[in-house]
There are 2 protein chains.
Amino acid sequence: MARKGGVFVDLPQGVELPVFGAGVVEAAPRRERSDAAESRRRVLDAARGLFAERSVDAVSMHEIGRAAGVGQGTLYRRYEHKGALCSALLAEEIEGFVDEVRRRAGGRGSALGRLKWFLGRLARFNDDNAALLGAIRDAAGGGRRVEMYGNPFYSWLRGTVAALVRQAMNEGAMMGELDVECVADALLATLNIDLYLYQRHELGMSRERVTRSLHALLDGLRPGPAS
Amino acid sequence: MARKGGVFVDLPQGVELPVFGAGVVEAAPRRERSDAAESRRRVLDAARGLFAERSVDAVSMHEIGRAAGVGQGTLYRRYEHKGALCSALLAEEIEGFVDEVRRRAGGRGSALGRLKWFLGRLARFNDDNAALLGAIRDAAGGGRRVEMYGNPFYSWLRGTVAALVRQAMNEGAMMGELDVECVADALLATLNIDLYLYQRHELGMSRERVTRSLHALLDGLRPGPAS
DNA sequence: CCAGCAAACGGATATATGTCCGCTTGAGTT
DNA sequence: AACTCAAGCGGACATATATCCGTTTGCTGG
């Protein structure tokens, strides 16, 4: 009932690609006050500007507040910490990324191929947004360690990889014995921002090398006599 | 010249397991002054005690200094930051871990089997030293991001996994096309402390589940007709 | 137009990390 | 035993994050 001769037959629960933001009910409690909207825009603009002209962690929250013309209280009520502000700045990029993935990886082609593409695309996302991702990671320390992997973006990545792995299994392109959740985490761990940047800039590996290795690893997971 | 009928024949460079601390020449510039040794001991003791009675990140460096009866300057000259102090506290555990690995994974048995054992043991190391490892990670932010993967312990982990993978390839238990360095990083990434603790405590996965999945993944990397 | 109030504001404040720098002292040297 | 000085010491200081709380203000219903 799962597959027949390697041909995909039906979709058990969770095989569709997850939708980013799904589950967010958002009671829309009240429209944002105009002054709040204004200050949000100013904060974001100021942060973008300062981050661009200096590095992200060479800019303090005080400085952002001063440049935006808002006090600390305002700043921190809206963005619980620097990482949250960086997340907000990243939101637009994430949206683009998510859209592109839905278009390319939701559609046709083998699930394995789409998974490979997805991971390669994620590597590029890492390169493109290294500074913000690093800052977000830095802010996820102490009592906030959970936010790293508990946030909606990571959940979506996780769900997407898991769904693709499951589809690939259905299509007979991947061993059926795998623990899908764990494998999804393992694959994503490979592109963990710290490790990725270390490989890229300290070990001098190219993006191609990293993704090629990942692809080889995926090819290894085909079902076969070995085992 | 590499292998004959799956039997290990010779050892190309880098196949031996690396020795922890190798390459550290340590010119031994001068013996440590007695007062310095004393204050080092007091700091370590104070830190251990405070960390035990509260959580690691609920204890400030000031507090450690006060409890140990040393000033901030003293504290920070010896330990550049909190992560360094935690590393010092972890050193003993690391030594034990390294010794055990040398005994069990340096010896006989299939390389693949030893690799599996090693990764399982590392997972246990994670569980046993979660608090300190987390604190070390937290301290590796901002301009110190490199220390995370550039430190001697990680280098040793990396070298060990790489050597075992290479041996497994020689023994014919693993695909020969793999990029050994990348695969080593990928395998270790799976046990990255943040992800591991998230899986264990937020997702409720058991250590067995995580390692079993990792083992299955390794089994998938056997050489085979697939590819 | 006005009153009421939740939301937003902003700067003082608390706390943490990490640095600076003048003073002290252990341990070789004469 | 006195001399010397690099190493060690310690607390004030600079800077960053994050919170608190009294004040102001945009919105809405009357």
Side-chain angles (χ1 to χ4, degrees), chain A residues 27-44 46-47 50-51 54-88 134-145 147, chain B residues 27-44 46-47 50-51 54-88 134-145 147:
Chain A
R30 196 163 305 202
R31 220 185 79 220
E32 186 178 39
R33 240 170 72 168
S34 63
D35 53 347
E38 164 79 4
S39 83
R40 177 217 299 287
R41 193 188 52 73
R42 285 208 309 227
V43 166
L44 256 23
L50 290 170
F51 288 167
R54 301 214 289 287
S55 81
V56 171
D57 49 39
V59 175
S60 76
M61 289 294 266
H62 268 175
E63 205 169 351
I64 293 169
R66 217 178 316 128
V70 308
Q72 290 307 296
T74 308
L75 193 51
Y76 275 97
R77 187 160 12 75
R78 194 177 302 283
Y79 304 108
E80 203 178 353
H81 48 80
K82 205 171 174 181
L85 202 167
C86 289
S87 293
I136 291 169
R137 192 229 76 139
D138 284 350
R144 274 198 296 275
R145 198 112 8 102
E147 289 183 24
Chain B
R30 195 163 305 200
R31 219 186 81 220
E32 186 178 38
R33 241 170 72 168
S34 63
D35 54 347
E38 164 79 6
S39 83
R40 176 217 300 288
R41 193 187 53 73
R42 284 206 311 226
V43 166
L44 254 24
L50 290 170
F51 289 166
R54 301 213 290 289
S55 81
V56 171
D57 49 38
V59 175
S60 77
M61 287 295 267
H62 268 177
E63 204 168 351
I64 294 169
R66 216 178 316 126
V70 307
Q72 290 308 295
T74 307
L75 194 50
Y76 274 97
R77 187 159 13 74
R78 193 175 304 283
Y79 304 107
E80 202 178 357
H81 48 80
K82 205 171 174 181
L85 202 166
C86 290
S87 293
I136 290 169
R137 192 229 75 141
D138 285 351
R144 273 198 296 277
R145 199 117 2 106
E147 290 183 25

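Chain A is the first sequence line, chain B the second, and so forth, proteins listed ahead of strands; every chain is numbered from 1.
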Contacts satisfying salt bridge (charged side-chain N to carboxylate O under 4.0 Å, His left out) that involve residues 69-87 of chain A (not counting sequence neighbours) are A:E32-A:R78

Approximate separation, where rounding is to 0.5 Å, of A:S60 OG and A:L50 CG:
9.0 Å

Can you tell me how far the CG atom of B:D35 sits from the CZ atom of B:R40, to the nearest 0.5 Å?
11.5 Å

Answer yes or no: is there a donor N or O on one side and an acceptor on the other, between the side chain of B:R42 and the main chain of B:A68, under 3.5 Å?
yes

Are the side chain of B:S87 and the backbone N or O of B:G83 linked by a donor-acceptor pair below 3.5 Å?
yes

Phosphate OP1/OP2 of D:dG10: any B:T74 side-chain N/O under 4.0 Å:
yes

Please report the end-to-end axis angle for the helix from C:dC1-D:dG30 to C:dT30-D:dA1, five pairs per end, rounded to 10 degrees.
10°

Please examine the side chains of [Y] and [X], heavy atoms only from C-beta on, and report whether any two atoms are closer than 4.5 Å.
{"X": "A:D57", "Y": "B:R145", "answer": "yes"}
{"X": "B:L44", "Y": "B:Y79", "answer": "yes"}
{"X": "B:H81", "Y": "B:M61", "answer": "no"}
{"X": "A:L75", "Y": "A:Q72", "answer": "yes"}
{"X": "A:R137", "Y": "A:E147", "answer": "no"}

Report which part of the nucleic acid B:S60 touches: base, sugar-phosphate, or nothing (heavy-atom distance under 4.0 Å, all strands).
sugar-phosphate

Students often get this wrong, so: under 4.0 angstrom with heavy atoms, is A:R144 touching a base, only sugar-phosphate, or nothing?
sugar-phosphate

Under a 4.0 Å threshold between the charged nitrogen and the carboxylate oxygen, would B:R41 count as salt-bridged to B:E38?
yes

Below 4.0 angstrom, N of the basic side chain to O of the carboxylate: do B:R144 and A:D138 qualify?
no

Would B:F51 and B:C86 count as a side chain to side chain contact (heavy atoms under 4.5 Å, CB included) here? Give the steps.
CA-CA 10 Å; B:F51 289 166; B:C86 290; 4.1 Å; yes

What residues 62-73 of chain B contributes to the DNA chain C interface at heavy-atom separation below 4.0 Å is B:H62, B:Q72, B:G73

Quick one, which residues of residues 76-85 of chain B touch DNA chain C with a heavy atom under 4.0 Å?
B:Y76, B:H81, B:K82

For nucleotides 23-30 of chain D, just jot down a letter per nucleotide in 5' to 3' order: B, S or -, based on protein non-hydrogen atoms under 4.0 Å.
--BSS---

Boundaries of the DNA chain C segment in contact with chain A, non-hydrogen, under 4.0 Å
C:dA6 to C:dA12

